[in-house]
Amino acid sequence: MKTILPFLATLFLLSCHDPNSHEIRDFSKSHTFTLKTEKGHHYASYRLRLEGFVDDSIMVSGYAFLSPIKVSGEIDTLFVSDFYGQVEQLELTIDPYKAKSGHLKVSHSAD
């Protein structure tokens, strides 16, 4: 019983993890995230939410952006774009650009 309880607690915590929500604390490198879409599912929009703080500029690029977008400082931003399931996966890249430190929560979804 003593070995099963920690195992169940770990399993519960892992099952609560949202694969489309990420935290960035290391701004020494770029971070790329992938959102996989379901074949045959009808989508209408792509949502990207950025929350947190960075000490300088970061660049956000990926599916919904024709060119990279620069954001900095206190960030609480929601980007919404049309998306109709044209591709099987969407990639999003956060480039630290000039930022050296901060904490950023990144959430993305297709609805």
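Below, all heavy atoms of this structure are taken into account, side chains as well, without hydrogens, waters or symmetry copies.
- Contact of the L48 side chain with the L78 side chain is not registered, since no non-hydrogen atoms from C-beta on lie closer than 4.5 Å.
- One side chain, T32 or T93, offers a donor N or O that lies under 3.5 Å from an acceptor on the other.
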Going through the checks in order, is the side-chain contact (heavy atoms from CB on, under 4.5 Å) test met by L35 and Y46?
CA-CA 10 Å; L35 175 67; Y46 172 73; 3.8 Å; yes
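- Within the 4.5 Å cutoff, the side chain of L50 has heavy atoms near those of the F79 side chain.
- Note: R49 CZ to S21 OG = 11.0 Å, rounded to the nearest 0.5 Å.
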Applying side-chain contact (heavy atoms from CB on, under 4.5 Å) to H108 and H22, what does each step give before you reach the verdict?
CA-CA 9 Å; H108 57 136; H22 315 277; 3.6 Å; yes
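- Between K98 and D55, no side-chain nitrogen of the basic residue sits less than 4.0 Å from a carboxylate oxygen of the acidic one, so the salt-bridge criterion is not met.
- Taking NZ of K100 as the start and CG of D56 as the end, the distance is 8.0 Å to the nearest 0.5 Å.
- Contact check for F33 versus I94: side-chain heavy atoms found under the 4.5 Å cut-off.
- Going from atom OG of S45 over to atom CG of D82 covers 8.0 Å, rounded to the nearest 0.5 Å.
- The nearest pair of heavy atoms linking S72 to I75 is O-CG1, 3.9 Å.
- Of the possible polar contacts, one joining the T37 side chain to the E88 backbone as a donor-acceptor pair under 3.5 Å is found.
- A single hydrophobic cluster is seen to contain both L90 and Y43, as judged by linkage of ILVMFWY side chains at heavy-atom distances under 4.5 Å, directly or through other members.
- With a 6.0 Å radius and a threshold of 12 heavy atoms from other residues, nucleotides or ligands, H42 has its NE2 atom at or below the threshold.
- H31 places no side-chain N or O within donor-acceptor distance of the main-chain N or O of P96, the cut-off being under 3.5 Å.
- Atoms CD and CD, on E74 and E51 in that order, are 11.0 Å from each other to the nearest 0.5 Å.
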Test side-chain contact (heavy atoms from CB on, under 4.5 Å) applied to L104 and F53, step by step:
CA-CA 6 Å; L104 191 64; F53 173 82; over 6 Å; no
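- In this structure, D95 CG and K70 NZ are separated by 11.5 Å, a value rounded to the nearest 0.5 Å.
- Following chains of ILVMFWY side-chain contacts shorter than 4.5 Å, one cannot reach I24 starting from M59, and the two form parts of different hydrophobic clusters.
- Between the CG atom of N20 and the NZ atom of K36 there is a distance of 11.0 Å, given to the nearest 0.5 Å.
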